[in-house]
Amino acid sequence: MNMQPNFFDILKFSNKWQTNKLYSIPVYKMPRELKIKYDPTTGRAMDVFEVAKSESFARQSKPGLFNEPVRDNVNATPNDLKTDAKTGGKSVALDFDHLLTVPPGFENGMEFELTTLVKSIQNKYKSQEESEMEKTAGIIRNIATEGKIKDSKDSKLHLALPKIPKESPTLWAETVDVSEAVDFDSMVPNPAFKWKFELDSFQKHAIIKLEKGENVLIAAHTSAGKTVVAEYAIALSQRHMTKTFYTSPIKALSNQKFRDFRSTFQDVGIITGDVQINPKASCIIMTTEILRSMLYNGQSSVQDLEWVIFDEVHYMNDSERGVVYEEVLVLLPEHVRIIMLSATVPNTLEFASWVGKTKKRKMCVISTPKRPVPLEHYLYTGQSRKSKEHKFLILGAEGTLVHKGYLDAVEAKKPKEKAPAQQKDTGKRALGGGKRSCDQRYNEKEGNKVKKVIAIAPHASKSGPQHQKNLWIRVLDHLCSEDKLPVICFTLSRSKCDSNANSLSSVDLTTAEEKHAISQFLHKCLDILKGPDKNLPQVIQMSSLLKRGIGVHHSGILPILKEVVEMLFQDGKVKLLFATETFAMGINMPARSVVFDDIMKHDDKGRRQLLPSEYIQMAGRAGRRGLDSTGTVLILCKDSVPELESLHKMMLGKPQKLESQFRVTYSMILNLLRGKQLRVQDMMKLSFGEVHFRSKIEELEKEMKQRENPPKLDCSTCSDVESFYEAARKYLEKKVEVYRHVLHPQAIKALKPGRFLTVVDDECVLKLGLLLDVNTHSKEPIFKTLVLRGSKKTKRENSMKKIDKTRPKSALTPKMVALVKNTYFVPHVRDSDVLSLKLDDIADVTDFTLKTDCKVVLSDWKTKSKEDSPCSVFDKAVDALLRMSKDPNFNYLNLVEHLKQKTLDMVEQLQELQKLKPKYDDFKCCLCSSFYEHLDFTTQEREEYDRLNYLTSDERLGNSTEYAAKLNVLKSFKYVNSDSMVQLKGHVACSIGKQELMLTELLFRNILTDLPEEDIAALLSCLVFNQKPEKEPNLTPSQKETIDSIQKVARDIGKTQKKCGLQEHVEDYVDQFQFGLVEVIYKWTMGVSFREIMELTDVQEGTIVRVIQQLVETLQDLRKAAQILGNPTLETKLEAASTKIKRDIVFQGSLYLQ
Ligand SMILES: [Zn+2]
């Protein structure tokens, strides 16, 4: 009988049923290893500790308390091998030759036998039931034992602290000589990626470094082909089955890169604030901010990360974005390799050393000043049909200034004989170059007349729209005839871009065929828009321009239109593009020529000439690789020729250095306090701004060490000089503190001009002085005091010897000596001086006053010259001082009696001060014949020690005051408690990306919950909009009321910040929240069409779309926060609000992502 085993048989077969087993979890011992703890600043090994073998940064940190969905679903463990081996749905053969033998994050790996590996993969599929935990542990164990065996020979070495090589500027970074020829094919016989074109030398060098797993920084012009390096890293990580993150500072650039990379590598994803596509891909494009939040939240996908590519790393200099770069670079785990792509900057090596040092891995700097397509820079002076060909080369492809070209341009710009009225100005202009004011005035006065004679002297009118139009037509004509299209015209104002494009209604640059293609493309792209959105004025206007081959690109343009323009431009259909500077910052979209409408630019500080880096970035758009032999750059000389010197500076000047923009932010403090991976001070120390100091610090610490055992003083009498120093110093410090309150002229009645004081002079003697003037307007009160000068003869001379002629090195010594030696200065001549004393310079105040007009004395002293016999008032004052000094029979003032307000505290403090004063009899050292010298020796030793101590301490850090202030703000709003533990409010604030303080306060003060969702969305627009629009919005009474409460919260935060020591003015803080778009957003949330809301405001379309998109992010952040806090009413409302505003043209997904 063949019995089928039943369920109970199976139970019997297995172990006895042990219910107790369910209560315990077997202790699983992770393999452990020793790690060395380094001092974050000096890189010195400090301690050895034990960690689990596989721990990386991501595991060490606590898991984020509140993970966004995006933050945790990007997860791949070794068990994902099956899916990872597939790309784009197609199964690919495993490339066994190129599997990593050392997994990212591990120090040792294992060289698998091929058969073992195949077996292990087969086993993997066989033993599906095997618990995942057990399997992972097995692999880790293998690696651990393997590593042990490998290292057994030098196991001692392994445990010994590794030697940190000596600091030198190139220790952590080296420049690769790209001129050196490499045998690329033999070094990289089987490249992970191949291009159709021959690689440049710098690209080959970079790829070799990537193959070796080294960190690289590539500094080159935009068109030089830096992307090749990024592409290779992606290909390499796909071969290694690891991950690559590509980060860019600009969202628009991320979208474009996504399209490009996806067409090459298929398995590509993107995560930005509002978009998430294929987040499990092996290559993920993200903004730097997203990467930061992943690192703070201990994202698990960071463990499989092999490369992080930082594109446009020169954005470090941007005050908003810079700090994010520094945070990310500090936070990245050590196993991650770094690729940085930058424009050419003068201090690449310095920056690279910082990254290298921070990540403890050498950085290879590969820079090339080479431009694949050289540029030719011209001045264009064409002002009439006749002179439309007038362009003059001033900077050739070899990079040398052409003086003749400049002089010719100046000559060509000279007005013709026909306009005699202008003759006078001509000379000046030719000489002065840039002076144009005379010309302008002339035009304003005779504006009308000039217009009429425009055909004869067209240069007379410089700014009229007709003139502008004619100018552009001429330039275009010229460029057309020379076959220099397409052209990008950089016009540094949005409205000028629009008006220039719109004025060229007669210009048509496309063929019938192209027109058809453009129409079709437009139709395809704009078809996804809703009916009324298709008829937006901007859409219609732009479509008409595009059909004629003209495009406009700036931040006021709707995002979808901007993308249409970019795509048509890349396709060569847009021949003339009016753009602002932002077009030069994104993806590489070159043209044959670039025209500068103006080389002056407006920024928040006013009008200025373009910086070299800005000019180079924009001019660099000229010349397309493989299509043009040179790129043409034209600078329009509308009024006059710019001065040669300023042109030289702009074209050949050094670009801006990379500089640290590091500052402490609230979110940084909260995240670091919460995660505990790093102290905020360590983050400050590791920042780029500290890099210079970090190289010095080791030296300083060495010096410190030596100071710990100071050279001993060889004097038996002075054995207690140290304790005297301590006592004297304590007294002097206390004195300054007490005097700050007591001696303030407003606190003491007696401290008025005419009072006699004592001061200590350099020779340790007390000197009488007559107080002449008290200035309390400066930060510290200044006491102008008349003293006598002269030879030093002392009365009541004790054992004190004559002091060495050399002045004392420490300013403290005389003050200390004077405490115990009551030696008075006795003048013999009438030579006088007026000193400006600070509080701590005043030794004591006497009970003696002189009735005189101190103002007269002071003014006499100021005007007196040696020949003049001083007037009697001044004479009398000096006489009195002389008399008093010779016979010092005064008493010191009892300060307590003269206090205006006698608080108990003040009296106590003065008494305490008196007790602290060191007494002559208490210290043996006072008897020493060389007391002064011996004390000075001690003082200097101590001062040097203190100085070093301070320099190596956290207090010295540049941002430490800001940190202290911000921490206090957080404490006073209870985001952290007094022990700096993050509280609920702090956790809530951590979940908010921007304006975390303001939003958290609004939430906790319950200002929004009772409002309708439309109002919530509308009012919160103040957090993402900070312009002051000209039109006042129409607001409902309840909206006005809430605005008041929001401003009250802002003012409260502003005041607390000020109180805690931050610089920002309260009203500046309040003013950053602008309510100009409340009505617009309200209507939009109510479902009104985009066309109609545009009529409510003068803010441009592109700006509105951006505000609404950012508003959605804010609403989502706040929704998460409300969820944490447990406010379901608000949560629902916020969800509804964001659904309502996410519609139509505003949330039309990027064309690049489709
Ligand atoms: Zn001595």
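- In this structure, the ring of His377 has its center less than 6.0 angstrom from the ring center of Tyr615.
- The ring pair (Phe, Tyr, Trp, His ring centres under 6.0 Å) check on Phe193 picks up Trp195, Phe265, with sequence neighbours excluded.
- If you check the side chains of Gln617 and Glu581, you find no donor sitting under 3.5 Å from an acceptor.
- Evaluation of the ring pair (Phe, Tyr, Trp, His ring centres under 6.0 Å) rule for His553 yields Phe583 as partners, not counting sequence neighbours.
- With sequence neighbours excluded, no residue satisfies ring pair (Phe, Tyr, Trp, His ring centres under 6.0 Å) with Tyr378.
- Each ring pair (Phe, Tyr, Trp, His ring centres under 6.0 Å) pair with one or both residues in residues 505-524, not counting sequence neighbours, would appear here, but there are none.
- In this structure, the side-chain hydrogen bond (donor to acceptor under 3.5 Å, both in side chains) partners of Lys484, at least two apart in sequence or on a different chain, are Thr632.
- Asp311 and Lys226 are not joined by a salt bridge, as no carboxylate oxygen comes within less than 4.0 angstrom of a charged side-chain nitrogen.
- Centroid-to-centroid, the aromatic rings of Tyr325 and Tyr315 stay 6.0 Å apart or farther.
- Under the 3.5 Å distance criterion, the side-chain polar atoms of Glu563 are matched with a main-chain donor or acceptor of Leu1151.
- Checked by atom type and distance alone, the side chain of Gln1100 never pairs as donor or acceptor with a backbone atom of Ile557 at under 3.5 Å.
- When every heavy atom of Ala579 is checked against every heavy atom of Ile488, the shortest pair comes out as CB-CG2, 4.2 Å.
- Considering only residues two or more places apart in sequence or on other chains, Phe310 meets the ring pair (Phe, Tyr, Trp, His ring centres under 6.0 Å) condition with none of them.
- For Asn317 (side chain) and Lys657 (main-chain N/O), a donor-acceptor pair under 3.5 Å exists by modelled atom type.
- Taking the salt bridge (Lys or Arg N to Asp or Glu O under 4.0 Å) definition, one finds that Glu198 meets it with Lys204, sequence neighbours left out.
- Partners of Asp408 according to the side chain to side chain contact (heavy atoms under 4.5 Å, CB included) rule, which considers only residues two or more places apart in sequence or in another chain, are Phe392, Lys404.
- In this structure, the side chain of Thr264 engages the main chain of Asp260 through a donor-acceptor pair within 3.5 Å.
- Arg548 places a side-chain N or O within donor-acceptor distance of the main-chain N or O of Val507, the cut-off being under 3.5 Å.
- Checked by atom type and distance alone, the side chain of Asp318 pairs as donor or acceptor with a backbone atom of Arg321 at under 3.5 Å.
- In terms of modelled atom types and a separation under 3.5 Å, the side chain of Asp571 and the main chain of Met567 share no donor-acceptor contact.
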Asp508 vs Lys575, test: salt bridge (Lys or Arg N to Asp or Glu O under 4.0 Å). Steps then yes/no. CA-CA 10 Å; Asp508 193 341; Lys575 324 263 170 165; over 6 Å; no
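- For NZ of Lys649, the number of neighbouring non-hydrogen atoms (other residues, nucleotides, ligands) closer than 6.0 Å is 12 at most.
- Contacts of Glu614 classified as salt bridge (Lys or Arg N to Asp or Glu O under 4.0 Å), with partners at least two apart in sequence or in another chain: Lys601, Arg608.
- Pairs of residues two or more places apart, or lying in two chains, that qualify as salt bridge (charged side-chain N to carboxylate O under 4.0 Å, His left out) and include a residue from residues 485-497 are Lys496-Asp597.
- With sequence neighbours excluded, the residues satisfying side chain to side chain contact (heavy atoms under 4.5 Å, CB included) with Ser543 are Leu522, Leu526, Val539.
- In this structure a side-chain-to-backbone donor-acceptor pair under 3.5 Å is missing from Glu376 to Gly396.
- For Ser519 (side chain) and Lys515 (main-chain N/O), a donor-acceptor pair under 3.5 Å exists by modelled atom type.
- With 3.5 Å as the limit, one finds a donor-acceptor pair spanning the side chains of Asp498 and His554.
- Across Cys480 and Leu509, no two heavy atoms sit closer than the pair SG-CD2, 4.3 Å.
- In plain terms, the two heavy atoms of Gln609 and Ser646 that are nearest each other are NE2-O, 2.9 Å.
- In terms of the side chain to side chain contact (heavy atoms under 4.5 Å, CB included) criterion, residue partners of Pro559 (sequence neighbours excluded) are, by chain and number, Val1105.
- Under the 4.0 Å criterion applied to side-chain N and carboxylate O atoms, Lys391 and Glu482 are assigned as salt-bridge partners.
- The two atoms that bring Arg607 and Asp598 nearest to each other are NH2-OD2, 3.6 Å, heavy atoms only.
- Looking only at side-chain heavy atoms (C-beta outward), Phe688 and Glu659 stay at 4.5 Å or farther from each other.
- Arg621 contributes no side-chain N or O that, together with a main-chain N or O of Pro590, makes up a donor-acceptor pair within less than 3.5 Å.
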